[in-house]
Structures are given as C-alpha cells and as structure tokens.
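Take a look at the structure below.
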Amino acid sequence: MKSIGRWLACAVMAFGAFTASMGLAEAQQKRINVLIMSDDADQDTVPRGNRIFNRVQLALSENLNTKGFQVYDETAVGLYTATPNRVRRADTELIEVARALPVPLDVMVVFQIYASAREGLYGSGILRPEMRIPGRVLNVHTGQFIGSFEVGGFQFPPLPLNCAQDRECLLERMGAEARVIANDLGEAIAQKIKAFTPGGVGAGGGAVLETTKDGTPVTAAAPSADGCTNIPTAYVISLRDFNPSETTSVEDMITKFGCYVGHRPIRATSTSAEYWYETTADSGRVNRNLRVMLDFLGLNGQIVFNGNKFELTRVTTR
C-alpha cells in the first residue's frame with residue numbers, strides 16, 4: 001500500500017513538473033487583447049461616427065496600443081459578423097458583438113462622450129464648452145467588472161464669437177479638446193487593467209508537487225517566470241461520461257495546472273461534472289494542459305472548446 005502511495009505521489013509530481021516546464025516555455029508575457037467600443041444609447045451622448053467620437057476613439061486606441069496592449073478595430077474584425085456602423089447601441093448589444101467576434105478578446109473598453117456648451121451667466125453671449133468621458137472595462141467572456149474612470153467635467157476656454165455660430169469650427173475645437181482628455185482616459189484605463197493583471201504567479205499558479213523520502217507530497221513554489229501574467233479569467237470545464245473515480249482524478253489534476261487560481265463545482269452527477277475554473281493562463285495553454293492530462297491519466301477522450309467552455313467527453317471502449 002505504501003509503494004502505491006509513493007507511485008501516485010511521484011506521478012502527480014511528474015505531471016506538475018511537466019506542466020511547470022510548459023509554463024517556463026511560455027515565460028514570455030502575452031499581451032492583452034482589447035476592443036474599444038462606445039455606448040451611445042443615451043441620446044445625450046455623442047453618437048458613433050461623429051467627428052468628436054472619431055478623435056476620442058483614435059486617441060484611446062493609440063494610447064493603449066503604445067502601452068503594449070493588442071488593440072483591435074471593431075469594424076475590421078467584425079466586418080462579416082456584425083452589422084457595421086450601427087449607432088445608438090445599448091451595452092447588451094455591445095457585449096453580444098464582442099463575444100461573437102472571431103478574435104479571442106480579453107477585455108472590452110466601453111466609453112461615452114457627453115459634450116455641451118454653456119452660455120455665460122450675464123448675457124454676454126460667451127459660450128464655454130464642456131466635455132465628460134466616462135469609461136469602464138469588462139472581461140469579455142465572464143462579464144466581470146475590472147474598473148472604471150471618468151475624465152473631463154470641467155469647462156474649456158470660451159469659444160470665439162464667430163466659432164460659436166459655426167458648426168465646423170465648433171466640432172474642430174471640441175474634437176481637439178476631446179483628444180486631449182481621451183489620452184487621460186487611456187492612461188487611467190491602462191493602469192486599471194495592469195493593476196488587475198498579476199505581475200507574476202497567480203494564486204496557487206504553477207505550484208509543483210514534490211515528495212519527501214517517505215513519499216509524502218509537499219508543495220514547492222513555482223518558478224517566478226512561469227508566464228502567469230495574463231488577465232484573470234474563468235472557463236467552464238465540463239466532464240461527460242466519466243465515472244466518479246476518473247472525475248476525482250481530473251479534478252485533482254486541473255488544480256496542478258500552471259496559473260491555477262481556483263475552481264468551484266457548478267453541477268455534478270454520477271457520470272458528469274462541471275467546474276467554474278479560474279486561471280491567469282490563456283485558452284491555448286489550458287487546452288494543451290487538458291490534452292496532456294488525458295494522456296497522462298490514460299483516458300480516451302475528446303475535447304471541444306467554444307467561447308469559454310471546455311467540454312471533455314470520455315470515449316469508452318470494450
């Protein structure tokens with residue numbers, strides 16, 4: 001009995017060391033995929049396609065792009081998926097579009113633009129433009145709120161008298177001011193995302209099991225450069241046609257994957273189970289670890305991945 005215990009402990013140690021080595025091979029930090037969208041459902045906001053909107057979107061995109069984020073253009077990536085150039089879209093439509101795009105997105109930045117010109121108090125005819133741009137960041141697949149920020153809310157220098165009556169001049173002056181405060185919003189959003197992203201190992205991420213001479217498993221710290229620097233996200237891991245013993249083995253193994261944060265059972269029967277699996281690894285790394293796990297456990301199975309769900313189906317034979 002003791003020799004069997006040692007074998008199991010060594011097997012788990014070998015698997016943990018293998019997945020950790022895979023993490024070291026991916027030590028290069030992956031950049032976060034970002035989609036910038038506007039919530040212009042409120043009739044008081046500047047609509048999509050407006051000259052002011054375009055300058056804000058470009059400034060936000062450039063700011064985040066120069067900070068190392070992978071910024072994707074919504075129209076370009078969704079040309080054959082969503083109706084282009086729709087305006088006055090509610091946030092529910094924005095989330096549906098983001099999840100339907102073919103690019104594996106991590107976060108979406110949603111912003112609004114409120115612009116107006118307030119007349120002086122004493123009938124002088126002086127107009128003072130005002131602008132406010134709130135923005136928020138969401139995890140595309142889980143809907144988790146990451147952060148929000150707001151810039152503006154103060155009066156800009158008064159408009160020249162001839163400019164106040166000229167729509168072309170008004171749009172240009174407001175657009176120039178919008179570009180400046182959009183850069184401030186980009187700075188704040190970048191800090192929010194980076195603060196939410198772990199700088200190294202995730203909680204429990206990449207821990208490797210080792211054993212003492214008597215076969216007792218002990219936990220050793222994982223290498224600090226194991227690649228667990230992506231934004232925390234969650235996947236649903238679904239098991240089909242696994243018996244209780246196999247389900248227990250699988251559940252034990254997924255906690256040994258690099259970048260592991262935590263998991264919770266969603267549902268379970270005698271032949272199936274579903275887990276909410278939180279990690280700082282990307283979908284490619286989780287998918288590869290699941291394939292290695294099935295091979296390591298000697299289980300025949302098929303893996304299907306869609307959205308944020310991995311479905312593992314046990315293939316039984318005579």
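Since we're looking at a predicted model, the values are computed, not measured. No hydrogens, no waters, no symmetry mates; every other heavy atom, side chains included, goes into these values.
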### Message
Ring centroids only, cut at 6.0 angstrom: are His263 and Tyr275 within range, meaning strictly under it?
### Response
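When the ring centroids of His263 and Tyr275 are compared, they turn out to be within the sub-6.0 Å range.
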
### Query
What about Tyr260 and Tyr277, are their ring centers closer than 6.0 Å?
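Yes, the ring of Tyr260 comes within the 6.0 Å limit of the ring of Tyr277, centre to centre.
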
Contact list for [range], test salt bridge (charged side-chain N to carboxylate O under 4.0 Å, His left out), sequence neighbours left out:
| range | result |
| --- | --- |
| residues 105-114 | none |
| residues 132-146 | Asp91-Arg136, Arg132-Glu150 |
| residues 232-241 | Arg240-Glu274 |

Given side chains that start at C-beta, do those of [X] and [Y] come closer than 4.5 Å, heavy atoms only?
| X | Y | answer |
| --- | --- | --- |
| Ser283 | Tyr235 | yes |
| Leu299 | Phe242 | yes |
| Gln302 | Arg314 | no |

Under 3.5 Å, side-chain donor or acceptor atoms of residues 169-193 against the rest of the protein: list the pairs with distances, not counting sequence neighbours.
from   : atom 1 : to     : atom 2 : distance (Å)
Glu172 : OE2    : Arg51  : NH1    : 3.0
Asn183 : ND2    : Arg179 : O      : 3.4
Glu187 : OE2    : Lys67  : NZ     : 2.8

### Query
Tell me, which pairs form a ring-ring contact (aromatic ring centres under 6.0 Å, His included) where one or both residues lie in residues 66-105, sequence neighbours left out?
none

### Query
Which pairs, with at least one residue in residues 35-56 and sequence neighbours excluded, count as a ring-ring contact (aromatic ring centres under 6.0 Å, His included)?
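Found Phe53-Phe111.
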
### Rounded distance (nearest 0.5 Å) linking atom OG of Ser116 with atom CD of Glu130
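It is 4.5 Å, given to the nearest 0.5 Å.
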
### Message
Whether the side chain of Ser38 engages the backbone of Asp40 through a donor-acceptor N/O pair (distance < 3.5 Å, no angle test) should be reported.
### Response
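No, because the side chain of Ser38 does not come within donor-acceptor range (under 3.5 Å) of the backbone of Asp40.
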
